[in-house]
Amino acid sequence: MKGEKRAMTREEAQWVYEVLEETFPDARAELDFNTPYQLLIATILSAQCTDVRVNQITEVLFEKYPDPYAMAEASQEEIEEIIRSCGFFRNKAKNVLGASRVIVEEYGGEIPQTVKELMTLPGVGKKTANVVASNVLGIDAIAVDTHVYRTANRLGLADSASIQKTEEELMAIWPRAYWSKGHHLLIFLGRRICHSQNPDCQHCPLAEGCHFNLGLVPDRKASQAK
């Protein structure tokens, strides 16, 4: 039913979280890693690349260079050769090498322990830092990727044309305890049901309360996120 645009209430936002948690009880990071450092590197590689492809790449990469000390001794060309099937592989190889050397030289081989410090590493923006912080550092954070951006704005949890503002609006409408699990839930929704093209609203457990489905908000394609 079409209606006038309105903000989602906190009660509705809680309902969204609870339904998603029931629908995707196994929601988690789908990148393969054994250490915090490996998650950091895998997340750097995941930009503009599927998790499936990244996992194929890191299986080889981490076998040869399992920690920052080993990676820091590699050449950029050696890393490029392994990650070649990943988009923007030259720039990513430069960042992987640079981040590894900073971790060795400035942090004693351990990844930085705060979002702010993580963002000083080559190739690490807010999303990557939040992924690492929320998954392995015990820091409550929401990592907004294209799936989170798309689903949050379609549902009505956020109303923004930017990644940063979407993150802020999610943090405001969901209690802190929901943040880290919440972004995994939205990613699972985006990958499995709320596709960029042809969202499967007919089979979505949130259809009755989704602002996009109810005609309360226009669609924002993930590519429009800034």
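Start at 1 with the first residue, then count along the sequence.
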> Would you call Leu118 and Leu137 a side-chain contact if the rule is heavy atoms closer than 4.5 Å?
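Yes; the side chains approach each other to less than 4.5 Å.
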
> Is it the case that one hydrophobic cluster holds both Ile79 and Phe88, taking links as side-chain heavy atoms less than 4.5 Å apart, direct or via other members?
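No: no chain of side-chain contacts under 4.5 Å links Ile79 to Phe88.
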
> Output yes when a side-chain donor or acceptor of Glu117 lies under 3.5 Å from a complementary backbone atom of Val115, and no otherwise.
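Not a single qualifying donor-acceptor pair exists.
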
> Go through the steps for Lys181 and Leu20 under the test side chain to side chain contact (heavy atoms under 4.5 Å, CB included), then give the verdict.
CA-CA 10 Å; Lys181 181 68 175 292; Leu20 287 175; over 6 Å; no

> Does the side chain of Leu206 reach to within under 4.5 Å of the side chain of Leu189, using non-hydrogen atoms?
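Of all side-chain heavy-atom pairs linking Leu189 with Leu206, at least one is under 4.5 Å.
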
> Cys194 and Arg154: which non-hydrogen atoms are nearest, and at how many Å?
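Looking at all heavy atoms of both residues, the shortest contact is SG-NH1, 3.2 Å.
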
> Rounded at 0.5 Å granularity, tell me how far SG in Cys204 sits from CG in Leu155.
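Cys204 SG to Leu155 CG: 7.0 Å, rounded to 0.5 Å.
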
> Dump the intermediate steps for side chain to side chain contact (heavy atoms under 4.5 Å, CB included) on Ile82 and Tyr65, then the final yes or no.
CA-CA 11 Å; Ile82 295 173; Tyr65 309 113; 3.9 Å; yes

> Decide whether Val124 and Phe33 are clustered together by the hydrophobic rule: side chain heavy atoms of Ile, Leu, Val, Met, Phe, Trp, Tyr closer than 4.5 Å, transitively.
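Looking at the clustering, Phe33 is in the same group as Val124.
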
> Write down the atom of Phe212, the atom of Pro199, and the distance for their closest heavy-atom approach.
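Closest approach of Phe212 to Pro199: CE2-CG, 4.0 Å.
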
> Answer whether the closest heavy-atom distance between the side chains of Ile41 and Phe62 falls below 4.5 Å.
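Yes, side chains in contact.
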
> State yes or no: do Trp174 and Val19 share one hydrophobic cluster built from I, L, V, M, F, W and Y residues joined by side-chain heavy-atom distances below 4.5 Å, directly or via other members?
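Hydrophobic grouping puts Trp174 with Val19.
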
> Mind checking whether Lys126 and Gln164 have side chains closer than 4.5 Å, heavy atoms only?
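In short, these two side chains do not touch, never coming nearer than 4.5 Å.
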
> Looking at every non-hydrogen atom in both residues, tell me the closest pair between His183 and Ser134 and how far apart they are.
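Shortest heavy-atom contact: CE1-OG, 3.2 Å.
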
> Do side-chain atoms of Asn130 reach the backbone of Ala141 as a donor and acceptor pair under 3.5 angstrom?
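Such a contact is absent between Asn130 side chain and Ala141 backbone.
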
> Indicate yes or no for a side-chain donor-acceptor contact from Asp140 to the backbone of Trp179 under 3.5 Å, with no hydrogens or angles considered.
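It does not hold such a pair.
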
> Within the 4.5 Å heavy-atom criterion, are Glu30 and Phe188 side-chain neighbours or not?
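Counting from C-beta outward, Glu30 and Phe188 do come under 4.5 Å.
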
> Would you say CD of Glu77 has more than 12 non-hydrogen atoms from neighbouring residues, nucleotides or ligands within 6.0 angstrom?
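Above 12, so yes.
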
> Look at atom CD of Glu73 and say whether more than 12 heavy atoms of other residues, nucleotides or ligands are closer to it than 6.0 Å.
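At most 12 heavy atoms, drawn from other residues, nucleotides or ligands, come within 6.0 Å of this atom.
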
> Would you indicate whether the side-chain heavy atoms of Leu121 and Pro112 approach each other to under 4.5 Å?
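Yes, their side chains come closer than 4.5 Å.
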
> Do the side chains of Val104 and Met71 join up, straight or via other hydrophobic residues, at under 4.5 Å, putting them in one cluster?
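Hydrophobic grouping puts Val104 apart from Met71.
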
> Pair Ile193, Phe24 - check side chain to side chain contact (heavy atoms under 4.5 Å, CB included), show working.
CA-CA 11 Å; Ile193 298 174; Phe24 305 115; 4.0 Å; yes

> Filter on side-chain hydrogen bond (donor to acceptor under 3.5 Å, both in side chains), then keep only pairs touching residues 34-49, sequence neighbours left out; what's left?
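Passing the test, one end in residues 34-49: Tyr37-Ser100.
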
> Heavy-atom distance under 4.5 Å between the side chains of Arg53 and Ser85, does that happen here?
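Yes, close enough: below the 4.5 Å cut-off.
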
> May I ask whether Val132 and Ile163 are part of the same hydrophobic cluster, defined by side-chain heavy atoms of I, L, V, M, F, W, Y residues being less than 4.5 angstrom apart, directly or through others?
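They do not share one cluster, since no chain of ILVMFWY contacts under 4.5 Å joins Val132 to Ile163.
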
> Give me the atom names and distance for the closest heavy-atom approach of Leu45 to Leu61.
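Smallest heavy-atom distance, with atoms named: CD1-CD2, 4.0 Å.
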
> Can you find a pair of side-chain heavy atoms, one from Met171 and one from Glu167, that are under 4.5 Å apart?
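They are in side-chain contact.
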
> Show your working on side chain to side chain donor-acceptor pair (under 3.5 Å) between Asn153 and Thr166 and close with a plain yes or no.
CA-CA 8 Å; Asn153 282 284; Thr166 296; 3.3 Å; yes

> How many angstroms lie between atom CD of Glu168 and atom OG of Ser160, to the nearest 0.5 angstrom?
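The distance works out to 8.0 Å.
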
> Minimum heavy-atom separation for Ala129 and Met119, please, with both atom names.
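Heavy atoms of Ala129 and Met119 come nearest at CB-CG, 3.7 Å.
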
> If every non-hydrogen atom of Ala143 is compared with every non-hydrogen atom of Val148, which pair is closest and at what distance?
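Closest approach of Ala143 to Val148, heavy atoms only: O-CG2, 3.6 Å.
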
> Rounded to the nearest 0.5 Å, how far does CG of Asp145 lie from OG1 of Thr151?
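Answer rounded to 0.5 Å: 8.0 Å.
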
> Please walk me through it: do Ile142 and Leu186 pass side chain to side chain contact (heavy atoms under 4.5 Å, CB included)?
CA-CA 10 Å; Ile142 298 175; Leu186 290 173; over 6 Å; no

> Just by distance, do the side chain of Lys92 and the backbone of Gly87 share a donor-acceptor pair under 3.5 Å?
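Pair found, side chain donor or acceptor close to backbone of Gly87.
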
> How many angstroms lie between atom OH of Tyr107 and atom OG1 of Thr120, to the nearest 0.5 angstrom?
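OG1 of Thr120 is found 4.0 Å from OH of Tyr107.
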
> Only one of Glu11, Glu18, Glu12, Arg10 passes side chain to side chain donor-acceptor pair (under 3.5 Å) with Gln14; say which it is.
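That would be Glu18; it is the only one of Glu11, Glu18, Glu12, Arg10 passing the side chain to side chain donor-acceptor pair (under 3.5 Å) with Gln14.
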
> Can you tell me how far apart CD1 (Ile187) and NE2 (His147) are? Round to the nearest 0.5 Å.
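Between atom CD1 of Ile187 and atom NE2 of His147 there are 7.0 Å.
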
> When rounded to the nearest 0.5 angstrom, what is the spacing between CD in Glu80 and CG in Leu97?
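CG of Leu97 is found 10.0 Å from CD of Glu80.
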
